[in-house]
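See structure below.
The shown structure was predicted, so the numbers you read here are calculated from the model rather than taken from an experiment.
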Amino acid sequence: MTRATRVRALFALAILALSTFLALTQPARLGLDLRGGTQLVLETRDSPTAEADREATDRTLEVLRRRVDALGVSEPNLSRAGDHRIVVELPGLDDPDEAAEVLGRTAQLTVHPVLGTTAPGTDTGRTAPADGSTVLPDDAGTPLRLGPAALTGAEVRRAAAEFDGQDGSGWSVGLTLHGAGERAWARLTGKAACAAPDDPARRAAIVLDRKVISSPRVEASVACGVGITGGTTRITGGFDQHAAQELALLINGGALPVPVDIVEQRAVGPTLGALAITSSAQAAVIGVALTAVFITVVYRLLGALATLALACYALISYAALLALGATLTLPGLAGFVLAIGMAVDANVLVFERAREEYAAGPHARPRTLRSALAAGFRNAFSAIADSNVTTLLAAVLLFFFASGPVRGFGVTLCIGVAASMVSALLVTRVLAECALALRPVGRRPRLTGLAGLGRVRSWLSRRRPDLMRHRRRWLALSGAALLLAGSGIAVRGLDYGVEFTGGRMVEYTTTRPVDAERARAALGTAGLDRAQVSTSGDRTLTVRTERLSAAQLTAAGRVVDELGGGAQKVRDELIGPSLGEELRRGALVALGLALLAQLGYLAVRFRWTFAMSAVVAMAHDVVVLVGAFAWLGKPLDGVFLAALLTVIGYSVNDSVVVFDRVRELRGAGRGTPFPDLANTAVLQTVPRTVNTGMGAVFILAALAALGGDTLTDFALALLIGIVVGTYSSVFTATPLAVVLERNGGASPRRSDRRPARRGGRPDRWDTGARV
């Protein structure tokens, strides 16, 4: 074992030991879509008396924190997002309407003297400038003329729900006042006690958010001018237990400094989250097992070692997730599973280059297995780095422009890319170098998987098909695919999800299958004639509408329960129209920035013709994927955006590998026609493309079959994207680069004229180039 190998081994052991320690000692932080609960996004707005600035949002956050604490939710999480938004996560609470009612109310409690009554029909809610009075109806609908507030909720020390069955009042809210509030209450009731028994002025109005919730009459036993002392009183009003407890909670939490609007609301039942974890774990086990068998069959001993490195990759990724305190969401869990399949890519690149180096030995200089492996790692590094950077660009954009659980996918993908580099370039290398240093292995080169070019490459070496000869034919096929996708968008239209349109989406699981048309008709009879109804699987029904009040939600649940022989609400999402427009705009910005970022990076790393070809192929993949979802009638939502940006990274990844090989061949074979170089590069990288694609397909097929409704669409989008991306890298990007080079390509840059890497003759059937 060389000194460099020992250093790498110690470094790898240190990383694995730290990862194991974190995995065993740190609990995973699951998102609400995995453990069940409610998430609310509230947006502060200006009021007539206060501006919704950053400071007001911070004060609002503290008031909401007190209210949440009073709800009794375990491990709640509240955080400010920007200057005007607050994210509230309530694990275990699956009734979003209840949480919205408690958290969204301003809860401005005031107590007013009653100056008298006004005639019915009087305009209420306005303040008279002359005496400062306000007209508000009492609980019986009688308009009361109220004087300026005598005290506010700030003077309330404590509020508690109380039950008194002796006097028949039932539930009420007892208030304990302090300081100025105690004295103000005595003055208010003392003045009211001086009025005649039937005079409205003998009452005191208790107002919550400009609504009179109680207007008790001061009892005859209270002395005029003395009032009620002791600082205690009760709010009556025909409350039940829930209403009394909620009012006490609001008063104890305090008033919000500024009003808030609920712009996003998500609720997931705990059973759905548990099912998602179970199904994703099953998909991971099956997909990884199939991938392990595949790469072991193709690369034999090195494939088996790469499988072990993949297990280490999973451990490192999970530990990094724990170390960063990142939240694992449902799309993030899918990204974690998917990244395992994508981590195969770096191993495949290295092994294919090592095969080339070993096969080139007799024509260059004698090659040993260890030297071929070292050259494979060295020569594959450029393609690995470029392909991972392009994936990182997509993941970063997803993090900044996505929302809710989908943002977790961007975090997981970033961690996965970094962990795959460590796994392939460090762990796999250490394991492979140690294995190749063993004498029994050295005497059996074919056992390692490096001796021989593989069946695909051997077939190509015999046939040597000239794919670039028909480049215009391939471009015409790509144009036909774009036309078909575009017609789907034009004819079928795009079904934007609730995230991009705003509205409410409720998902139910039923005891027996429910026909969508029958459910739509029944909901229309119940007053939900504009509801969109869809079914997935045998017993999952989704209701989507622009607006859905609490009463309509109850009615919808009753209808679905009757039709399905029993129903359970497992998901409830509400997106405000302003947020939906913002997310839709953010998605378009993310796609535009993805194209520009990839174009800029590739233009720096390669030639402008290569960059333009890769970006055009990427745009081709985006249009084809969107068109496919249009033809299939699938919704375009945040999860689809995650899949779309991943496909962008994957598409560029494939094109980068081909163009990296073109750049290398160009440096080695000056004077060789560019179409010949491009054709050879495509043929040499086909094994890598096929083997990497198969690794991802195994994972995605398992996710599509076992991952549940949400992950099924996600996996389907990625499966389509991988197939289309593989095609476009070979039959769109490369032919287009040939056309651009012939028509307007500039002279080679210095980076394109560099000599071949040491030992860099790719294989014995290279290009016929002069070396």
Using modelled atom types and a 3.5 Å cut-off, is there a donor and acceptor pairing between side-chain atoms of [X] and backbone atoms of [Y]?
X    : Y    : value
S317 : A419 : no
D572 : V506 : no
D495 : K634 : no
T44  : T57  : no
T712 : A704 : yes

>> Minimum heavy-atom separation for P76 and L90, please, with both atom names.
In response: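 Closest pair (atom of P76, atom of L90, distance): CB-CD2, 4.2 Å.
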> Between A319 and L22, what is the shortest heavy-atom contact and its length?
Replying inline: O-CD1, 3.8 Å
> Is any side-chain heavy atom of S420 closer than 4.5 Å to a side-chain heavy atom of Y313?
Replying inline: yes
>> I want to check something: taking the side chain as every heavy atom from C-beta on, are V560 and T510 in contact at a cut-off of under 4.5 Å?
In response: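 SC-SC contact between V560 and T510 confirmed.
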>> Could you go through L553 and K569, starting from their C-alpha distance and side-chain angles, then the distance that decides it, and tell me whether this counts as side chain to side chain contact (heavy atoms under 4.5 Å, CB included)?
In response: CA-CA 10 Å; L553 178 63; K569 185 175 68 173; 3.9 Å; yes
>> I'd like to know whether E562 forms a salt bridge (charged side-chain N to carboxylate O under 4.0 Å, His left out) with R558, so could you lay out the CA-CA distance, the side-chain angles of the two residues, the decisive distance to 0.1 Å, and finally the verdict.
In response: CA-CA 6 Å; E562 292 175 357; R558 186 165 52 250; 5.1 Å; no
> Is the number of heavy atoms from other residues, nucleotides or ligands within 6.0 Å of CZ (R158) greater than 12?
Replying inline: no
>> Would L718 and V647 count as a side chain to side chain contact (heavy atoms under 4.5 Å, CB included) here? Give the steps.
In response: CA-CA 6 Å; L718 285 174; V647 167; 3.8 Å; yes
